[in-house]
Amino acid sequence: MSALLLKDLQRELQRHLLGESSAIESEIIDAPPLDVAARLGIYRNAYQVRLIEALREVYPVLHALLGDEVFYALGESFVAAHPSPFRSIRWYGGQIPEYLSLNSPFDEQPILSEVARLEWTLSEVFDSPDAKTLDRAALTALAPEDWEGLRLGFQPGLRLLSLRFNTAAVWQAMTREEEPPAPQSSEHPVPWIIWRQDFKNYFRSLDAPETALIGAARSGASFAELCEILGRWLPDEEVPLAAANYLNTWIGSGLITTLKY
């Protein structure tokens, strides 16, 4: 009979699976038809396979681009380098984009890292906390004097992502089971916004003014300050209406949760 308590056995087995020093071998029966190494190998293999399956669930487009064999090889090397520290397997794999960008042969195709970043971000957005968003009636209820100091609260699922390649087009084609376009890079990274509305993810690219406005608004800038920022691109007489149109678009997309003034 084992001298260790169940919780100690579980801890020692975990250490073994994570490649750490462990006393679990002395607690395993060494008898036919399997010796200790073979018995522990079953658990180690099952642990690795389950983690690779979790990666495939989070990165379906990356899996489709690489194919089964290459993706499994990626999973094996990644699991060996990054054992899971999470209680929930859902959060395992966030380091895949960086891993792809730093390790051969994947670093030879930098769009792979971007595809992985997009997929991980989409999964984060989908699993983000729920928040009640405002409709356009909230704008019509504002008094004229409320606009200058108006500050916005955004939904917790909102993410901004910069992509240098035509990653979104590749992702969309692959999810439709269509032939993806050839990778093409831009001279400068293109900002994208990703959010969830009615249990569905959405994303679109942003121009420079909207990128600056969303960044400032999320940092607490007032509507008057947003208008000042927009003045870098537009004549003064066009700024208030343009700023209101951006705000109207954000509310219509379900991005705004609060209006404070």
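All values derive from a computational prediction rather than experimental measurement.
By the rule that hydrophobic residues join a cluster once side-chain heavy atoms approach within less than 4.5 Å of another member, I96 and I52 end up as members of one cluster. Cluster annotation: W120 and L102 are assigned to distinct hydrophobic clusters (Ile/Leu/Val/Met/Phe/Trp/Tyr, side-chain heavy-atom contacts under 4.5 Å, transitive). Both L100 and V70 are part of a single hydrophobic cluster, where members link through side-chain heavy atoms under 4.5 Å apart. Under the 4.5 Å side-chain heavy-atom criterion for Ile, Leu, Val, Met, Phe, Trp and Tyr, L255 and F203 are members of distinct hydrophobic clusters. A single hydrophobic cluster is seen to contain both L122 and W91, as judged by linkage of ILVMFWY side chains at heavy-atom distances under 4.5 Å, directly or through other members.
Classification of the H82-Y99 ring pair by plane angle, with boundaries at 30° and 60°, yields perpendicular.
The heavy-atom pair separating G220 from R151 by the smallest distance is O-NE, 2.7 Å. Contact between I229 and A216 at its shortest, heavy atoms only, is CD1-CB, 3.4 Å. The nearest pair of heavy atoms linking W195 to V125 is C-CG1, 3.5 Å. Counting all heavy atoms, side chain and backbone alike, L62 lies closest to E119 at N-OE1, 3.0 Å. The two atoms that bring L234 and A242 nearest to each other are CD1-CB, 3.5 Å, heavy atoms only. Minimum interatomic distance between S101 and D107 (heavy atoms only, all atoms of both residues): O-CB, 3.4 Å.
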Apply salt bridge (charged side-chain N to carboxylate O under 4.0 Å, His left out) to the pair D68 and R56, showing each step before the final yes or no. CA-CA 10 Å; D68 290 336; R56 189 170 56 194; 5.2 Å; no
side-chain contact (heavy atoms from CB on, under 4.5 Å), that's the test. Do Y92 and V79 meet it? Break it down for me. CA-CA 10 Å; Y92 182 66; V79 171; 3.6 Å; yes
From CA spacing to verdict: side-chain contact (heavy atoms from CB on, under 4.5 Å), F154, I256: CA-CA 5 Å; F154 289 82; I256 307 300; 3.5 Å; yes
So L160 and R218, side-chain contact (heavy atoms from CB on, under 4.5 Å) or not? Walk me through it. CA-CA 11 Å; L160 295 177; R218 294 178 78 193; 3.8 Å; yes
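Residue-environment remark: CD (E148) stays at or below the threshold of 12 foreign heavy atoms within 6.0 Å. Residue E98 qualifies as open at atom CD: its count of foreign heavy atoms under 6.0 Å is 12 or below. N245 CG: more than 12 foreign heavy atoms inside a 6.0 Å radius.
At least one side-chain heavy atom of S84 sits under 4.5 Å from a side-chain heavy atom of L51. At a threshold of 4.5 Å between non-hydrogen side-chain atoms, the residues I89 and E53 do not count as touching. L55 is listed as a side-chain neighbour of F71, based on a closest heavy-atom distance under 4.5 Å. Side chains of S123 and E57 form no contact here, defined as non-hydrogen atoms less than 4.5 Å apart.
In this structure a side-chain-to-backbone donor-acceptor pair under 3.5 Å is missing from S113 to P110. A donor-acceptor pair under 3.5 Å links the side-chain atoms of Q155 to the main chain of R196, judged by distance alone.
To the nearest 0.5 Å, the span separating CD1 on I193 from CG on L158 amounts to 4.5 Å. In this structure, CH2 in W147 is found 12.5 Å from OG in S222, a value given to the nearest 0.5 Å. With values rounded to the nearest 0.5 angstrom, L259 atom CG is found 6.5 Å from L139 atom CG. How far CG of L206 is from CD1 of I214: 5.0 Å, rounded to the nearest 0.5 Å. Atom OG1 of residue T133 and atom CG of residue D198 lie 7.5 Å apart, to the nearest 0.5 angstrom. Between the OG atom of S128 and the CG atom of N201 there is a distance of 8.0 Å, given to the nearest 0.5 Å.
Listed by first and then second residue, the side chain to side chain donor-acceptor pair (under 3.5 Å) pairs involving residues 163-192 are E114-T167 (not counting sequence neighbours).
Remark: R136 is not positioned above the aromatic ring of W250, lacking an NZ or CZ atom under 6.0 angstrom from the ring centre and at most 45 degrees off the axis.
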